[in-house]
Amino acid sequence: MRILVVEDEEGLAESLRRGLCADGHWVDVAHDGHRGLDLARTGSYDAVLLDLMLPGLSGYEICARLRADGDPTPVLMLTAKDGEYDEAEGLDCGADDYLTKPFSFVVLAARLRALARRAAGGAVGPRPTLQAGDLVLDPAGRRCRRGSHDIELTARELGVLACLMEQPGRAVAKQDILDQVWDAPHAIDPNIVEVYVSSLRRKVDAPFGRRSILTVHGTGYRMAADGG
């Protein structure tokens, strides 16, 4: 993989560069937001490791601008902030995953591999197009639309939505969603699924006056078969 690391702590950035290079990746490093955005826009990267608190431009701003440009490169945010609202804000601005400092390099490497697989559509062949009413999801092409309106989703949001749309009308447990979408599901609080479901509702339901993703109390969620 070709990876861009945007991190202002030079010691951490160098440690990440060495570790990722040792794993066989090609790594570029930027220590401020403006340089990071320039590299992200001009380079062809398979993933971006993006710190939130940066000189010049924050990680939130960089990610939002990349998504506004239509750039689908997977973004893994690195931050010392561990509040759920901080995580939700990172996901809302277009990040695919979120890792709180201090973190294990083994976990970081595994999450990068997972993001790369999802960006490539998975290693087991393309998944079929899914539909619930006028909500259509193409997991392999990473495209979602409601009616004639395209909806931009992160890789993780796409995975969660696919889990629900594959079983329309049936309740899907949070743990089942974790098992299918996350690489190390048993090390993650199942409540993280709520963050992604909330983000999906804001994107695929609220702008269209729909309620397609329903809460099943005590279990998880289900997709309305008619798309809400």
Can you hop from [X] to [Y] via hydrophobic side chains spaced under 4.5 Å?
X: L153; Y: V136; result: no
X: M1; Y: V107; result: yes
X: L200; Y: I151; result: yes

- [ ] Show your reasoning for whether side-chain contact (heavy atoms from CB on, under 4.5 Å) applies to Y98 and L52.
- [x] CA-CA 10 Å; Y98 191 103; L52 284 187; 4.0 Å; yes

TODO: Please step through side-chain contact (heavy atoms from CB on, under 4.5 Å) for the pair T154 and D97, ending with a clear verdict.
DONE: CA-CA 9 Å; T154 67; D97 204 354; over 6 Å; no

Taking only residues two or more places apart in sequence, or in another chain, which ones meet [X] in a side-chain hydrogen bond (donor to acceptor under 3.5 Å, both in side chains)?
X: R145; value: none
X: S15; value: none
X: D71; value: T73

Task: Evaluation steps, salt bridge (Lys or Arg N to Asp or Glu O under 4.0 Å), between K203 and E152 - done: CA-CA 8 Å; K203 292 183 177 183; E152 186 171 332; over 6 Å; no

TODO: Please confirm whether the backbone N or O of G11 pairs with a side-chain atom of E9, one donor and one acceptor, at under 3.5 Å?
DONE: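 Absent.
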
Task: Any donor-acceptor N/O pair, H31 side chain to V6 backbone, under 3.5 Å - done: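 Side chain of H31 to backbone of V6, a donor-acceptor pair under 3.5 Å: no, none is there.
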
Applying side-chain contact (heavy atoms from CB on, under 4.5 Å), name anything that partners [X], two or more places apart in sequence or on another chain.
X: Q167; answer: R170, V172
X: P55; answer: D8, D32
X: D134; answer: R146, R210
X: S198; answer: R202

Open item on the list: Counting only heavy atoms not in R35 (residues, nucleotides, ligands), do more than 12 fall under 6.0 Å from its CZ?
Closed with: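 No - once you tally the heavy atoms of other residues, nucleotides and ligands closer than 6.0 Å, there are 12 at most.
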
Task: Qualifying residues under salt bridge (Lys or Arg N to Asp or Glu O under 4.0 Å), relative to R41, sequence neighbours excluded - done: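 Result, salt bridge (Lys or Arg N to Asp or Glu O under 4.0 Å) vs R41: D69.
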
TODO: With sequence neighbours excluded, tell me which residues meet salt bridge (Lys or Arg N to Asp or Glu O under 4.0 Å) with R2.
DONE: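 For R2 the salt bridge (Lys or Arg N to Asp or Glu O under 4.0 Å) partners, ignoring immediate neighbours, are D28.
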
Open item on the list: Taking the side chain as everything from C-beta on, heavy atoms only, tell me whether L108 gets closer than 4.5 Å to L49.
Closed with: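 Yes, their side chains come closer than 4.5 Å.
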
If every non-hydrogen atom of [X] is compared with every non-hydrogen atom of [Y], which pair is closest and at what distance?
X: L158; Y: P139; value: CD2-CA, 3.8 Å
X: L39; Y: A30; value: CD1-CB, 4.0 Å
X: V204; Y: S212; value: CG2-OG, 4.3 Å
X: C144; Y: L161; value: SG-CD2, 4.1 Å
X: A47; Y: L112; value: CB-CD2, 3.8 Å

Task: Listed once per pair and sorted, the side-chain hydrogen bond (donor to acceptor under 3.5 Å, both in side chains) pairs that draw on residues 16-26, sequence neighbours left out - done: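 Sorted result for residues 16-26: E14-R17.
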
Expected list for residues 215-228: side-chain donor-acceptor pairs under 3.5 angstrom, two or more places apart:
residue	atom	partner	partner atom	Å
T215	OG1	R201	NH2	2.9
D226	OD1	G228	N	3.0

Open item on the list: By the ring pair (Phe, Tyr, Trp, His ring centres under 6.0 Å) test, which pairs, at least two apart or in different chains, include something from residues 139-165?
Closed with: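 Listed by first then second residue: H149-F208.
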
TODO: Evaluate the side-chain contact (heavy atoms from CB on, under 4.5 Å) criterion for residues L66 and L37: first the C-alpha distance (whole Å), next the side-chain angles of each, then the deciding distance (0.1 Å), finally the verdict.
DONE: CA-CA 8 Å; L66 291 176; L37 180 60; 4.0 Å; yes

Open item on the list: V27 vs L16, test: side-chain contact (heavy atoms from CB on, under 4.5 Å). Steps then yes/no.
Closed with: CA-CA 9 Å; V27 182; L16 288 171; over 6 Å; no

